[in-house]
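Following: one structure in structure tokens, then a few remarks.
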Number of protein chains: 2
Amino acid sequence: MSNTKVLPLLDPGPSEAAAPCCPPLTERPFTAEEAETAARMFKALGDPVRLRLFSAVASHEGGEACVCDISDVGVSQPTVSHHLKKLKEAGLLTSERRGTWVYYRVEPSVLAAMGKLLTIAPAAV
Amino acid sequence: MSNTKVLPLLDPGPSEAAAPCCPPLTERPFTAEEAETAARMFKALGDPVRLRLFSAVASHEGGEACVCDISDVGVSQPTVSHHLKKLKEAGLLTSERRGTWVYYRVEPSVLAAMGKLLTIAPAAV
């Protein structure tokens with residue numbers, strides 16, 4: 001018997017699973033799969049603290065910020081970290097450690113895809 | 001003493017509280033109040049079944065549908081009703097009874113406002 005195993009090449013983590021997916025919500029009824037993917041992104045923004053953190057990163061100079069820049073939302077540092085992790089898992093933020101700090105950046109393609117979901121298809125008007 | 005009472009003229013229900021509120025997420029950090037309002041809308045779409053129901057209404061002819069048109073999402077009728085209620089409370093759907101059926105309609109201004117939240121402000125690119 002060989003030791004060689006066929007590795008699963010397509011095993012998207014939470015981040016990849018939340019990649020741009022779907023037509024505008026007004027175009028046709030979503031399939032179950034589309035709804036799962038898109039709901040994950042909306043849910044990530046469905047918490048006030050997460051939304052403030054996301055907005056703080058998104059509006060920061062250059063579209064990125066370190067935790068030191070965005071902790072002013074009235075919750076503890078562990079809570080900030082928890083919410084940033086959730087935003088990363090939903091594919092809305094990416095992060096990179098540079099020296100002492102971890103820098104967070106908005107994933108523009110995901111933001112654009114979510115915006116597209118909410119556009120109003122001509123047929124529905 | 002007079003029987004005349006000054007009625008509270010501004011007592012927004014959940015629907016009005018979720019009305020269009022905020023600048024693009026990339027423009028500046030959201031205030032706590034803006035985040036509360038916007039998160040309520042995102043949260044309403046952060047569930048796969050709700051998202052499918054919303055999409056079914058939004059993409060239906062004329063932008064409105066009765067429950068009889070949109071119940072094909074694999075959950076029980078009470079669950080459908082529960083989710084439609086949540087979407088109404090978030091201000092994303094309005095409803096109107098006509099004869100036997102209740103018809104649901106997408107609130108286009110709210111959809112447009114959510115889309116606007118997700119546009120990328122020039123300064124952030």
Side-chain angles (χ1 to χ4, degrees), chain A residues 22-65 69-70 72-74 90 92 105-106 108-121 123-125, chain B residues 22-65 69-70 72-74 90 92 105-106 108-121 123-125:
Chain A
C22 312
L25 279 161
T26 52
E27 196 170 290
R28 59 165 172 73
F30 269 23
T31 65
E33 290 73 23
E34 288 169 342
E36 282 285 346
T37 306
R40 202 177 296 129
M41 297 190 282
F42 284 120
K43 192 176 178 183
L45 295 181
D47 175 278
V49 173
R50 269 204 301 278
L51 201 52
R52 288 187 75 186
L53 288 170
F54 183 78
S55 173
V57 172
S59 62
H60 204 260
E61 203 182 327
E64 75 168 14
D69 294 320
I70 55 169
D72 188 23
V73 291
L92 291 168
R105 174 175 282 281
V106 167
S109 63
V110 175
L111 205 62
M114 289 182 76
K116 188 182 143 207
L117 288 187
L118 295 166
T119 53
I120 299 170
V125 178
Chain B
C22 313
L25 278 162
T26 53
E27 196 170 289
R28 59 165 172 73
F30 270 25
T31 65
E33 289 73 22
E34 288 169 342
E36 284 285 345
T37 305
R40 200 177 298 130
M41 295 190 285
F42 284 120
K43 191 175 178 184
L45 296 181
D47 175 277
V49 173
R50 265 200 308 272
L51 201 51
R52 288 186 76 187
L53 288 170
F54 183 78
S55 173
V57 173
S59 63
H60 205 260
E61 204 181 326
E64 76 168 13
D69 295 320
I70 56 170
D72 187 23
V73 292
L92 291 167
R105 175 174 281 280
V106 166
S109 64
V110 175
L111 206 62
M114 288 183 76
K116 187 183 144 206
L117 288 186
L118 295 166
T119 53
I120 298 170
V125 178

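Chain letters run A, B, ... following the sequence lines, proteins first and then strands; every chain starts at 1. The shown structure was predicted, so the numbers you read here are calculated from the model rather than taken from an experiment.
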Please look at B:A44 and chain A and tell me whether the side chain, the backbone, both or neither of the residue comes under 4.5 angstrom of a heavy atom of that chain. neither
Just how far is it from atom CD of A:E27 to atom OG of B:S55, taken to the nearest 0.5 Å? 9.5 Å
Can you see which heavy atom on A:A35 is nearest to which on B:P48, and at what distance? CB-O, 3.4 Å
side-chain hydrogen bond (donor to acceptor under 3.5 Å, both in side chains) partners for B:R50, two or more places apart: B:H83
Side chain to side chain contact (heavy atoms under 4.5 Å, CB included) partner of B:L25, the single match among A:L92, A:V57, A:L51, A:V106: A:L51
Interatomic distance, B:R52 atom CZ to A:E36 atom CD [nearest 0.5 angstrom]: 9.5 Å
Among B:A32, B:G115, B:A56, who wins on heavy-atom pairs under 4.5 Å with chain A? B:A32
Look up atom CZ in A:F30 and atom CG in B:L53, then write down how far apart they are to the nearest 0.5 Å. 12.5 Å
Any A:L118 side-chain heavy atom under 4.5 Å of B:L117 side chain: no
